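Report on the structure given below.
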Amino acid sequence: MAEEWHAPYERLSPDTITRHRALRSLMEELEAVDWYRQRADDCADEALKAILLHNMREEIEHATMLLEWLRRADADFAATLDAYLYTRGDIAEREKAAEAERTDAKPEVPMRRFTVGPLK
Ligand SMILES: [Fe+2]
């Protein structure tokens, strides 16, 4: 499969290229989850249906491993996953709480103090 780049390849950082591989792989795993579930829904043979659902769960595991890799490699993913995963209540409302937490947690930037030394 040809890679899809949205900027000249030679201008991409090695880190961006590595993350692209993870992101594309995650997209493919999620697509496979969807396909297996649809095929299982449409399958009259119970033994084959069980295999398709088993395979779907394997794809969920693959997707989850990639998501964990992204969490470890990308601070933006980490912060967002920390804000949303394993929370309770209204997910859409969670954005306001997450923004408030980010504002509260923002480290204070120390004031730079310049001195000019003794003036004679
Ligand atoms: Fe997979």
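Just so it is clear, the model here is predicted, and its values are computed rather than measured. Numbers for residues simply follow the sequence, beginning at 1. Read the numbers this way: they start at 1 and go in the same order the structure lists the ligands and their atoms.
- The N, O or S atom of E59 lying closest to the Fe ion (ligand 1) is OE1.
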List, one per line, each side-chain donor-acceptor pair under 3.5 Å for residues 78-87, sequence neighbours excluded.
residue, atom, partner, partner atom, Å
T80, OG1, D76, O, 3.0
T87, OG1, Y84, O, 2.8

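- With respect to the Fe ion (ligand 1), H62 has ND1 as its nearest N, O or S atom.
- Side-chain contact between Y36 and L53 is absent, with no heavy-atom pair separated by less than 4.5 Å.
- The two residues E59 and V33 make their nearest non-hydrogen contact at CB-CG2, 3.5 Å.
- The atom name of the N/O/S atom in E29 closest to the Fe ion (ligand 1) is OE1.
- Here salt bridge (charged side-chain N to carboxylate O under 4.0 Å, His left out) pairs that include residues 44-57, with residues two or more places apart or in two chains, number zero.
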